[in-house]
Visitor: 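Here you go, one structure.
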Amino acid sequence: MKAVGIIGTGMYVPERILTNHDLEKMVDTNDEWIVTRTGIRERHIAAENQATSDLAHEAAVRALESAKLKPEDVELIIVATITPDMFFPSTACILQDRLGARRAAAFDLSAACSGFIYSLATAVSMLKSGMYRNALVVGAECLSRITDYTDRNTCILFGDGAGAVVLGEVPEGRGFLSFELGADGSGGPLLNIAGGGSRLPASADTVESKAHYIRMAGNEVFKFAVRIMGSAAEEALRKAGIDKKDVDLLVPHQANIRIIQAALGRLELPEEKCMINLDRYGNASAASIPIALAEAVEQGRVREGDCLVLVGFGGGLTWGASVLIW
């Protein structure tokens with residue numbers, strides 16, 4: 001089976017910035033409290049006329065330019081998101097049409113903040129099998145649309161944005177070496193949006209009860225994340241046959257600085273070997289890892305031959321990790 005890796009990256013965040021000081025005027029919180037507990041200082045918020053597909057399109061165009069591919073060359077599009085433009089058609093189909101990628105199969109994948117890793121695993125498997133030659137994988141979210149800005153426990157966390165990668169054949173010994181995916185559905189009630197689906201369809205009552213907003217049992221999710229981020233990364237490294245001391249860069253889901261620090265401790269990695277940008281973007285769910293990866297590439301922190309570990313966790317509960325050689 002051919003080696004498959006990342007041949008292009010791109011990212012986009014909306015212009016509007018919501019700072020901690022802005023939030024101080026909206027809910028009972030303060031900058032010091034938010035920074036101390038999360039590491040977040042600001043986040044980007046989509047304009048009223050922007051939807052998830054708009055953010056995804058900007059990131060996708062940049063990734064295709066980076067890969068030196070035209071939209072008509074793309075054979076597969078996967079968009080990881082929990083904030084699609086609508087139930088259907090998929091955001092991936094909307095993106096396919098806007099890009100003009102007429103030859104591409106397209107679908108969305110929902111695994112919350114783990115969605116980008118799940119999507120990578122899906123696309124890489126299809127490319128390795130020979131089903132497709134290349135793929136565009138996008139993590140994109142408009143979390144501001146599902147955030148309750150009267151709930152100080154959640155509104156401080158989330159931001160909007162999109163990150164994209166183009167996958168294709170790379171030289172032998174490079175590209176993705178392993179994936180570790182997992183789920184624990186019993187933890188679903190810890191992080192969810194109850195309203196809007198077939199179990200609790202949209203109604204005046206669901207709107208009044210704020211059932212269409214994110215609800216999270218923060219302490220329980222935190223404990224789960226601290227445990228799973230490090231263990232998932234370790235398992236992916238074991239599958240790849242690579243020692244953690246040989247990791248050049250960790251690109252984690254940007255949810256909370258204390259969770260990231262716990263993962264670094266478990267992997268025995270110094271902070272300079274970790275891409276951290278949650279102070280500027282907050283938690284962008286499925287978009288956080290591809291945004292961080294694209295920034296790392298732009299900043300020259302990723303060099304040919306480097307060993308990267310991508311790892312995340314999210315609602316479901318889900319988790320995912322991957323090891324690749326750049």
Visitor: Regarding E180 and R238, does a basic nitrogen lie under 4.0 Å from an acidic carboxylate oxygen?
Guide: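 Looking at E180 and R238, the cut-off is not met.
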Visitor: Kindly check if the number of other-residue, nucleotide or ligand heavy atoms within 6.0 Å of CG (D246) is above 12?
Guide: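 Yes.
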Visitor: Within 45 degrees of the ring normal and closer than 6.0 Å to the centroid, is that where the cationic atom of R258 sits relative to F222?
Guide: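 The answer is yes, since R258 meets both limits relative to F222.
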Visitor: Looking at Q299, I want to see if its CD is surrounded by more than 12 non-hydrogen atoms of other residues, nucleotides or ligands under 6.0 Å.
Guide: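 Correct, the count exceeds 12.
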Visitor: Can you list every side-chain hydrogen bond (donor to acceptor under 3.5 Å, both in side chains) pair that touches residues 181-199, not counting sequence neighbours?
Guide: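 For residues 181-199, and leaving out neighbouring residues, the side-chain hydrogen bond (donor to acceptor under 3.5 Å, both in side chains) pairs sorted by first residue read D184-S186.
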Visitor: Is L136 isolated, or which residues cluster with it under the ILVMFWY side-chain rule of less than 4.5 Å, directly or via members?
Guide: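 When side chains under 4.5 Å apart are linked, the cluster holding L136 also contains I7, V61, L64, L69, V74, I77, V79, L95, L99, V138, V166, V170.
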Visitor: Relative to the ring of F224, is the ring of F313 parallel (under 30°), tilted (30 to 60°) or perpendicular (over 60°)?
Guide: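 Ring orientation of F313 relative to F224: perpendicular.
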Visitor: Can you tell which of D22, T19, N20 makes a side chain to side chain donor-acceptor pair (under 3.5 Å) with R43?
Guide: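 Only one option passes, and that is N20.
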Visitor: With side chains defined as the heavy atoms from C-beta onward, is the minimum distance between C274 and P252 less than 4.5 Å?
Guide: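 In short, these two side chains touch, coming nearer than 4.5 Å.
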Visitor: If you group Ile, Leu, Val, Met, Phe, Trp and Tyr by side-chain heavy-atom gaps below 4.5 Å, do L249 and I289 land in one group?
Guide: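 L249 and I289: one cluster.
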Visitor: For atom CD of E72, is the number of surrounding heavy atoms from other residues, nucleotides or ligands below 6.0 Å larger than 12?
Guide: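 Atom CD in E72 is packed in, count exceeds 12.
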Visitor: Is the backbone of G159 close enough, under 3.5 Å, to the side chain of H44 for a donor and an acceptor to pair up by distance?
Guide: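 Such a contact is absent between H44 side chain and G159 backbone.
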